[in-house]
Engineer: 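The structure is given below, and queries will be raised subsequently.
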There are 2 protein chains.
Amino acid sequence: MTTKVTPFEGCCGSLAADALGEADAVELADALKVLADPARLRLLSMVASSATGEACACDLVEPLGRSQPTVSHHLSILVDAGFLSREKRGKWAWYRAVPERLEMLRSALRA
Amino acid sequence: MTTKVTPFEGCCGSLAADALGEADAVELADALKVLADPARLRLLSMVASSATGEACACDLVEPLGRSQPTVSHHLSILVDAGFLSREKRGKWAWYRAVPERLEMLRSALRA
DNA sequence: ACAATACATTGACACACATCGATGTTCAGG
DNA sequence: CCTGAACATCGATGTGTGTCAATGTATTGT
């Protein structure tokens, strides 16, 4: 879960191609679990829809409506899973979306 | 969770278009939660990759390596979420994939 | 140095959920 | 009918996780 592994998502195999093995299924499920939370989806969406392409964590707490530790926690999970990248500048943490990671997940869900 | 609602998945809006509201995020997250489980991913994959386009529940228990009640439980969740359709024939339950449902999810994850 | 700010980490807690055994229900065959 | 098979439902249980308050850590400004 907290593995921070480089994701393969059974590259280029679709769900209908042939039956998923347990290991591949666990890996895909882990990736999906990361996005299967409203707070994380909104964070990813906020960062991805930012005009400048990046967003400061300090600007995400209030609109998300959750505590600062909770936001920090979710952002870490998104970074560990590769959906966001983090850059620390001064005392601020800036996040950018990693569209290729999302595309990788999307392609793993091809029918 | 057990809502069996017709899914919209915020039709035609992408994650990066603009920031997801809490309600849309909950709906998308609920759909992702359904697939964020190895057992359900494998069941969906088994049915989708079946040569005949359908699969009997009786043939899914053993390859999945989980108990019959557990398999039945997961299949119900997939049906309720619209990823599978169920047809009862005699004493057997036959399942078919619903590719449009998966495509709906995939498009909601557009970057 | 000191205070304040931004963020991460820790500990605790409530709740959700995947799983199984046992039981209920429905249906086909004899 | 009655038995067996296929599937669903129920109850219980252990594990995972989203959340927050409190605290720790780093960095800026005075």
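Hydrogens, waters and symmetry mates are skipped; everything else that's a heavy atom, side chains included, is used. Chain A is the first sequence line, chain B the second, and so forth, proteins listed ahead of strands; every chain is numbered from 1.
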Engineer: What is the distance, rounded to the nearest whole Å, between atom CG of Asp59(B) and atom P of dA5(D)?
Structural biologist: 16 Å
Engineer: Between C1' on dA18(C) and CG on Asp30(A), what's the gap in Å once rounded to a whole number?
Structural biologist: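 After rounding, the reported distance stands at 14 Å.
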Engineer: Enumerate the residues from residues 66-77 of chain B whose closest heavy atom to DNA chain D is under 4.0 Å, giving them by residue number; use none for an empty result.
Structural biologist: Gln68(B), Pro69(B), Ser72(B)
Engineer: Under 4.0 Å from any atom of DNA chain D, heavy atoms only: list the residues of residues 42-54 of chain A that qualify, in numerical order.
Structural biologist: none
Engineer: Could you state the CZ-P distance from Arg40(A) to dT19(D), rounded to the nearest angstrom?
Structural biologist: 8 Å
Engineer: Quick check: does any side chain N or O of Ser45(A) sit under 3.5 Å from a backbone N or O of Leu20(B), one acting as donor and the other as acceptor?
Structural biologist: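 Yes.
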Engineer: Whole angstroms only, please: what is the CG-P distance between Leu64(A) and dC7(C)?
Structural biologist: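 Distance, rounded to whole Å: 14 Å.
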Engineer: If you count every heavy atom of other residues, nucleotides or ligands that lies below 6.0 Å from Glu87(A) atom CD, does the total exceed 12?
Structural biologist: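 Result for CD/Glu87(A): enclosed.
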Engineer: Could you check whether any side-chain heavy atom of Ile77(A) comes within less than 4.5 Å of a side-chain heavy atom of Asp37(A), counting everything from C-beta outward?
Structural biologist: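 With C-beta onward as the side chain, the pair stays apart.
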Engineer: Of the nucleotides dA8(C), dA8(D), dC7(C), which one has an atom closest to the side chain of Arg86(B)?
Structural biologist: dA8(D)
Engineer: So which atom in Cys58(A) and which in Trp92(A) form the shortest heavy-atom distance, rounded to 0.1 Å?
Structural biologist: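 That closest heavy-atom pairing would be SG-CD1, 3.8 Å.
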Engineer: Return the 5'-most residue of the pair Ala57(A), Gly65(B) with respect to DNA chain C, ranking by each residue's nearest nucleotide.
Structural biologist: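 Per heavy-atom nearest nucleotide, the more 5' residue is Ala57(A).
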Engineer: Can you measure Glu62(B) atom CD to dA5(D) atom P for me and round it to whole angstrom units?
Structural biologist: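 It works out to 17 Å between those atoms.
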Engineer: So Leu78(B) and Val47(B), do their side chains get closer than 4.5 Å, heavy atoms only?
Structural biologist: no
Engineer: Can you tell me the distance, in whole Å, between the NZ atom of Lys33(A) and the P atom of dA16(C)?
Structural biologist: 17 Å
Engineer: Whole-Å distance between dA8(D) P and Leu78(B) CG?
Structural biologist: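 Whole-Å distance recorded here is 12 Å.
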Engineer: Would a distance-only check, ignoring hydrogens and angles, find a side-chain to backbone donor-acceptor pair under 3.5 Å from Arg66(B) to Val71(B)?
Structural biologist: no
Engineer: Would you list the protein and nucleotides 26-30 of chain C atom pairs, both N or O, that sit under 3.5 Å from each other?
Structural biologist:
none

Engineer: Using a strict cut-off of less than 4.0 Å between a Lys/Arg side-chain nitrogen and an Asp/Glu carboxylate oxygen, indicate whether Glu9(B) and Arg101(B) qualify as a salt bridge.
Structural biologist: yes
Engineer: Determine whether Thr70(B) and Leu64(B) make a side-chain contact, defined as any pair of heavy atoms from C-beta on separated by less than 4.5 Å.
Structural biologist: no
Engineer: Counting C-beta onward and ignoring hydrogens, is there a side-chain heavy-atom pair between Phe83(B) and Leu105(B) closer than 4.5 Å?
Structural biologist: yes
Engineer: For Ser72(B), is there any backbone N or O sitting under 3.5 Å from a side-chain donor or acceptor partner on Ser76(B)?
Structural biologist: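 Here the side-chain-to-backbone pair exists.
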Engineer: Would you find a donor on one side and an acceptor on the other, under 3.5 Å apart, between the side chain of Arg40(A) and the backbone of Leu35(A)?
Structural biologist: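 It does not hold such a pair.
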